[in-house]
Every structure is written in structure tokens, then in C-alpha cells.
Amino acid sequence: MPNPFFHRGPVRDPTYFFGRTQESAYLADLLRGGQSAAINGPRRIGKTSLLHCLMHPTMAAAHGLDPRTTHWVYLDGGALD
């Protein structure tokens, strides 16, 4: 079966986001506990996709993140060059 994915920017639809269950759960645990979190790593490893998918209403609810108390901030460090 051919790979259906190609570079088109971050994955925003949770239907196409998979393989990061442990990372999503860990990040949600931190946020539910009132902690701040930063995600960094090499380019194109899925950092932005992880954030977009975790802040999707269905994913956030599945991880117990209340939209009334969880605030999302996305800073693109690539723009700082």
C-alpha cells in the first residue's frame, strides 16, 4: 500500500494523527496538573502536529482537558531567525 502522507504542513485532523499516544498522554497529564510545557526538537518531527491534534476539541476532551481552563499558545521559533 502506498504511503498516503506527503509534506503538506502539520496534521490538524486527529483522524490522521497516530503513533504519539504516549507523548499525548504525558503532555495532557502535565497540563491537567497545571504545569506549563514546551515541546522542542528537530524540524519536521511532528511537534506542531502534536499540539494541533491535542488541542482539537475531541482529543482535548478525551484527555480530560477542559477548554474553559486550558489555554493554548503556539510560538514558532523558526520565525526568530
Side-chain angles (χ1 to χ4, degrees):
M1 180 163 107
N3 185 348
F5 298 102
F6 54 90
H7 175 63
R8 62 176 193 266
V11 175
R12 297 177 196 277
D13 182 350
T15 304
Y16 299 109
F17 185 77
F18 56 90
R20 301 289 171 103
T21 305
Q22 186 175 3
E23 292 85 353
S24 298
Y26 179 71
L27 184 55
D29 286 344
L30 289 173
L31 296 174
R32 274 194 319 275
Q35 297 293 311
S36 297
I39 302 170
N40 74 20
R43 288 186 51 148
R44 300 169 73 107
I45 200 166
K47 302 176 299 292
T48 301
S49 295
L50 174 63
L51 291 174
H52 279 291
C53 286
L54 193 56
M55 70 183 194
H56 189 277
T58 56
M59 287 284 284
H63 286 286
L65 298 171
D66 186 346
R68 295 171 297 174
T69 58
T70 305
H71 303 283
W72 301 95
V73 176
Y74 172 73
L75 301 172
D76 183 356
L80 300 174
D81 285 344

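Heavy-atom basis, side chains included; hydrogens, waters and symmetry copies ignored. In this text, all values refer to a predicted model and were calculated from it rather than measured experimentally.
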Enquirer: Taking all atoms of both residues into account, what is the closest heavy-atom pair of Ala28 and Leu54, and its distance?
Expert: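 What the structure gives for the nearest pair is N-CD2, 4.3 Å.
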
Enquirer: Is there a side-chain contact between His63 and Arg32 in this structure, where contact means two heavy atoms from C-beta onward sitting under 4.5 Å apart?
Expert: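 Of all side-chain heavy-atom pairs linking Arg32 with His63, at least one is under 4.5 Å.
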
Enquirer: Kindly compute the distance separating OG (Ser49) from CZ (Arg12), expressed to the nearest 0.5 Å.
Expert: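 It is 8.5 Å, given to the nearest 0.5 Å.
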
Enquirer: Distance from Leu30 atom CG to Ser36 atom OG, nearest 0.5 Å?
Expert: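 Atom-to-atom, Leu30:CG and Ser36:OG are 9.5 Å apart.
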
Enquirer: To the nearest 0.5 Å, what is the distance between CD1 (Ile39) and NZ (Lys47)?
Expert: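 Spacing of CD1 (Ile39) from NZ (Lys47) equals 9.0 Å.
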
Enquirer: Measuring from Leu50:CG to Tyr26:OH, what's the distance to the nearest 0.5 Å?
Expert: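 It comes to 12.5 Å.
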
Enquirer: To the nearest 0.5 Å, what is the distance between CG (Leu65) and CG (Leu27)?
Expert: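 It is 8.0 Å, given to the nearest 0.5 Å.
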
Enquirer: Measuring only between side-chain heavy atoms, which start at C-beta, is Phe17 closer than 4.5 Å to Ser24?
Expert: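 Phe17 vs Ser24: side chains touch.
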
Enquirer: Could you tell me whether the side chain of Met55 reaches within less than 4.5 Å of the side chain of Leu51, counting heavy atoms only?
Expert: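 No, their side chains stay 4.5 Å or more apart.
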
